[in-house]
Each structure stands twice: as structure tokens, then as C-alpha cells.
Amino acid sequence: MKITQQLQKKLRQPIVVVLGHVDHGKTTLLDKIRGTAVVKKEPGEMTQEVGASFVPTSVIEKLAEPLKKIFPIKLEIPGLLFIDTPGHELFSNLRKRGGSVADIAILVVDITEGFQKQTIESIEILKNRKVPFLVAANKIDKIPGWRVQNTYSFLESFSKQREDVKNYLDGLVYNLVSQLAEQGFSSERFDRIKDFTKTVAIVPVSGKTGEGIAELLALLAGLTQNYMKNKLKFAEGPAKGVILEVKEIQGLGHTIDVIIYEGVLKKNDIIVLGGINGPIITKVRSILVPKPLQDIKVVKTDLTPIDEVYAAAGVKIYAPDLENALAGSPLFAVDDESKIEEFKKIIQEEISSVRYYNASVAGVVVKADSLGSLEAIVTALQQKKIPIRLADIGPISKRDITEAELTSQEAKEYGLIAAFRVKPLPGIEIPAKIKLIYGEIIYQLIDDIEKYIIDVKESEKRRTLDSLVLPGKFRILPGYVFRRSDPVIVGVEVLGGIIKPKSSLIKKDGRKVGEIQQIQDNKKTVEKATKGMEVAVSIKGNVMVGRQIEEGDVLYTDVPKEDLEILLTKYKDIITDDMKEVIKEIINIKKISDPTYGLGITL
Ligand code: GDP
């Protein structure tokens, strides 16, 4: 029965994902859509899916009945397949070379809050994977004065609102229009759009009351059917899919949850898929789907085997040798064994395009639990110009630590292991000098990595800057000799650069005249003094006022050659114009005794 029904189909169901900022209502909206579908479906009509939910066309048509005038299309697609888990993390595993298995996305935005950080990140991801989207401007029931109507139609409910409420809503929609414009998209409220290929549709909805869901579903169906016909052509032939998750099930063993986006998968099919240690070739023992349920609230755990399944669908596959299967990897069914090698090669290439190792880069080590998350993390790090030494899948091993240590010797700030949902192997200890940054949310992990790098850079900078003798010049103020020797204490005016304790001093003729012991500004000890400051300085060493130095003398800091080089290469940003002048003068003094001093330096 099911097969004949399927064979008549010309188009498969488009795969829909939901993305957006946390708490903007992704889960609530998905639940509402699923719940509505269960209520409105014909008996026996709904197929059961793993990791996804099917909304049949009859449900969309019933809901959109009152909208016929606006959407006069005849639906040919069998329905819509919604991926159950919203957000970045699972979306990253819906990968397909150069794109995504998802055909269209709903970007959920809380209309009262507008765009937030993850809204923009979602757009970036969708752009990157070339997935078209429409915007669900959610939580319209929160608009002040909104009177909830008993309808799934936004337009019907909108027509019954007060004028000021209508205007207020439109104002909020235009906020979204301008925020989308900032991201490079032209957009409009859906009912005012003339050309859907050029304009992103904004659909005001409430995931709580259901208002707007009719238009949302009608648009998803209409847009995919109109503009993606080629992509949705129903294909006979061996299945193509992507592994969403790898799960161990008690009493059964390792299984994979797969979205089939093309072709037919049959029991006993040979499948080729990606594994941690290379491609896996195995034979499908069973294809499992949840038992048909009348009530969506019942947890989908009771599985039942089926003999075959047609795209698009979400199923669980049980087969031998799946322990090392890789989430985010492609899966191909093979009808002709001679093709196995070809598919192995494709999968190998797919995996190596995401895995990465370069021994000559002092960069971070990334370990992740799936191909999709690893790819998303690597892309994000590259965008932020954070160097990567090693990016791979699986738990943290001894080798990862060795690589991070090698990085750390060269660039301490990158001596870290970023672990996305993976832990160290048993018995592996992370040495104190290596930072382990663990994350379960991609963007949180990236933020933490960035923060750590900045912190280490800052403290390294402080540490080396503190240890450098900086170029400085001061004059001993006449009449301000407080102590003539052991140590000398004099009032001085800084003429340029920076003077600090522990800096040796020289005179204009290059002779050494002790070392700064302490600097006081208004009787308070300070770490440094800069141009224009008048401070008291104590100078220790074999030096005495009236002998080696005199009131009115100009002294310079004795900057070692290496310190000058470090300053000029690493801390250029702290060199002020007055310091530049001092550097020139010091070079002139020092090159008398050391002709290589300051050689090749341009300021
Ligand atoms: P997610 O993090 O994007 O999946 O957001 P949730 O679906 O968990 O929703 C976050 C919060 O917003 C929850 O307290 C929901 O009850 C609430 N919420 C979601 N959609 C709506 C809506 O349309 N109207 C109102 N008033 N609240 C909503």
C-alpha cells in the first residue's frame, strides 16, 4: 500500500530546519506545528519518522483553506519534513558537500526582541550552506493590546486587531526588515511581497497560540514547490542520506539516525558510511521507525521495523560495525558491489576535507564528536583567524596533547585543546600548561577559545613588556637633589619615552651611571613615569651627584639591543612619537661602542 502510494509521487517532501536565537521560541513553534498536524491529519495518514516530523499536504491545505485567495497553488509535494531538533548543533550535521541536506529553513526571531547574536550566526550558517530561509516573527501574542483569535491564520487574526496594535506590529516587522537589510537581505511582510526569489518573507506568528502557522506552512510548501522543483524530483534508486546521530541502544547495539534525502533504502542493502577510522561498509539489518501514535506527546521510543523507506525520511538503522560511525557523514546505499570503492573514495574525501593537520602551524587542537560540528568549528575559527594545527574527530588522545604542547612552546596562547562533546580517553591526563576548553554549544566554545587566547596574549604581553627596558630620557632638576649617593635621590622631569625601575642608565657620552631603583610620584611609588611627569627617582650603583652626574644632566635608559628589537617587533603600538625621538637618540649614543646597535631599524 505504502509503496504504490509513494511511487505515484513526483516530488519528495522538502526538508525543513528551524534555527534562531535561544529562547526565541524554536521548540515551541515546532511543537505547535507537530501538534497541529496530529490534530488535523486524516486517520493513518501520517508516517512515523526518527529525528524528524512529517506534516502531510492535506494538513497544510486544510489550514490554508481560508487563504486560498492569497495562495492559489495546488500542492504537489506530499508534505513537509521538519527536523525535530532546532538550532545550530544538529543543523551542522545535516551536511552535504558544499551545502546542506535541508532544503529550506525557518529563522525564528522573537518579534519583541529583534535580532540577537545567534540570529546573526544562524544567517551566517544558512548563507554558508546556501539554504534559503523565511523569517518567523514569533511571539506576536506578546504585543501590547494583541487579542488572541481562535485561528491559525495571521491575516485573519490581524484583521481583527485594533488599528494601533496593527501599526505597532508593522513597526516591529520593519525593525526586522532593517536588521535583515544590515545582513544583506531585502525582506518584507509575506503578504506584501511581489517576487519571492528576491525578497525574504517575514511571517508574523505565535508558537503559543498558533496564529500565523497556516501562512507559515503554506509559504514553506509553496516556495519549495515553486522554486526547488528540480531538487525535489523524486528519485528512484539507491538511497543517499546523512547521519544525524550515532546512538547505542540497550539490547540492540549501535544504531544510526539517518535522514534519507534521495532514493530508496531497503532492508539488507549494503551501505557505505563514514567512520572514525575510515569508511565503513555494512549491511542494513533493520530499518526502524517509531510505532504509529495518535498522541504526539507520547515519547517516540517504541520502534518497529519496516522493509523499505523512500526519501525524504528520518529512520534509525541497525547494522553491524556501527560503533565507529561518524555523525555528519554521508551514507550511500549500494545496489552494485562494484560501486563500493567509488563511494568509499567519496566518503574518504568528504572526511579528509574536514579533518586537518599541519605540523608547521603553531595553532589550536580541535576535537569534536561529529563531522558537522568539527566543520562548523573549523569554519568559525578560520573566520576569526585563529590558527589550527590539528582538527579531528574522537576523544582526546596522547597525540592531541603532544601537538598542543608543541604549539605551546611556540605560541603559548594557542596551546589549547578545544573539545566539543568529547572527553579525554581513559588514563589521559591534561598537563597544567595545556588548556582544555570543553563545550557543548559551538558558539559558546568559540567564545571561550577567543577569550582564553586574548587573556594569555595580554598576560604574556604584560609579562614581557614588564621585563623590557624601555627607551626613556629625563633631566635631573636643579635644586632637587635629596640625597647625593647610595642611593642617589633626585627630582627629575621625564623628557620622552618611559622610565621604569630596574632600568640601567647612561649619559649622553654612553657612560653607565647606575640603575633606577624606585620612582615616586607625589610620595607614592609608581611602576613607570612618562613624558612630562616630574617624579623623584632613586638611583643605585657606583654613582654620586657631583662626581658622575650633575644637577641639570640629561640621562637615558640603557636599552639592550634585544629589548629594542622586541619592542619594535611585538609592541609597536606602545611607541609614541616622543619615544621614537628617544630611540633615535639612544641609537646614536650606543652605536659609538657597538656599530651594530640599531642597524636596519627604521622608525
Ligand atoms: P527556544 O530556545 O528557541 O527553543 O525557545 P522555546 O521554545 O524554549 O521558548 C522560550 C520561551 O518563550 C518559553 O518560555 C516559551 O513558552 C516562550 N514562547 C515561545 N513562543 C512563544 C510565543 O509565541 N508567545 C509567547 N508568549 N511565548 C512564547
Side-chain angles (χ1 to χ4, degrees), residues 16-39 51-53 55 63 82-94 102 104-126 131 133-158 160-161 165-166 168-173 175-176 179 189-190 201-217 219-220 244-245 296-297 299 439-445 447:
V16 187
V17 288
V18 178
L19 296 181
H21 192 70
V22 63
D23 281 346
H24 278 199
K26 300 179 292 292
T27 314
T28 310
L29 186 66
L30 263 170
D31 282 350
K32 193 74 184 179
I33 290 170
R34 279 191 294 239
T36 309
V38 172
V39 175
S53 296
V55 177
L63 285 174
F82 286 86
I83 301 295
D84 274 342
T85 314
H88 300 359
E89 270 56 43
L90 207 77
F91 177 75
S92 63
N93 272 346
L94 282 167
I104 192 164
I106 304 175
L107 179 68
V108 177
V109 187
D110 182 333
I111 193 168
T112 65
E113 283 198 3
F115 275 39
Q116 300 294 321
K117 193 160 175 266
Q118 286 166 311
T119 321
I120 293 166
E121 284 163 6
S122 303
I123 291 186
E124 290 289 325
I125 294 173
L126 293 170
V131 178
F133 64 96
L134 49 77
V135 173
N138 193 30
K139 307 199 186 180
I140 53 171
D141 62 286
K142 276 175 69 182
I143 289 173
W146 185 266
R147 280 182 305 219
V148 175
Q149 306 294 322
N150 184 22
T151 172
Y152 288 109
S153 161
F154 162 74
L155 289 174
E156 190 190 333
S157 176
F158 188 69
K160 293 179 181 153
Q161 305 296 329
V165 175
K166 286 184 183 172
Y168 190 77
L169 182 137
D170 268 335
L172 293 176
V173 168
N175 283 347
L176 299 182
Q179 286 175 320
R189 205 174 88 183
F190 69 96
I202 300 175
V203 190
V205 297
S206 166
K208 195 171 167 191
T209 68
E211 290 158 292
I213 284 190
E215 284 95 341
L216 189 66
L217 293 177
L219 270 172
L220 286 169
L244 273 193
E245 281 181 274
I296 195 78
K297 294 220 168 59
V299 191
E440 301 215 338
I441 297 173
I442 293 176
Y443 287 87
Q444 188 64 52
L445 180 70
D447 279 356

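Since the model is a prediction, treat every value here as computed from it, not as a measurement. Counting convention: from 1, in listed order, for ligands and their atoms alike.
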task: Measure from NZ or CZ of Arg189 to the centre of the six-membered ring of Phe154 and say whether it is under 6.0 Å with the direction within 45° of the ring axis.
output: no

- line: At a 4.0 angstrom heavy-atom cut-off, ligand 1 is contacted by His21, Val22, Asp23, His24, Gly25, Lys26, Thr27, Thr28, Asn138, Lys139, Asp141, Lys142, Ser206, Gly207, Lys208

message: Less than 4.5 Å apart, side chain to side chain, heavy atoms only: is that true for Ile111 and Val173?
response: yes

task: Consider only side-chain N and O atoms of Gln118 and His88, and report whether a donor and an acceptor are under 3.5 Å apart.
output: no

field: Salt-bridge present (Lys208, Asp31; N to O < 4.0 Å)
entry: no

field: Polar side chain donor-acceptor pair, Ser153 to Glu215, under 3.5 angstrom
entry: yes

- prompt: If we ignore angles and hydrogens, is there a donor and acceptor under 3.5 Å between the side chains of Thr209 and Glu211?
  reply: yes

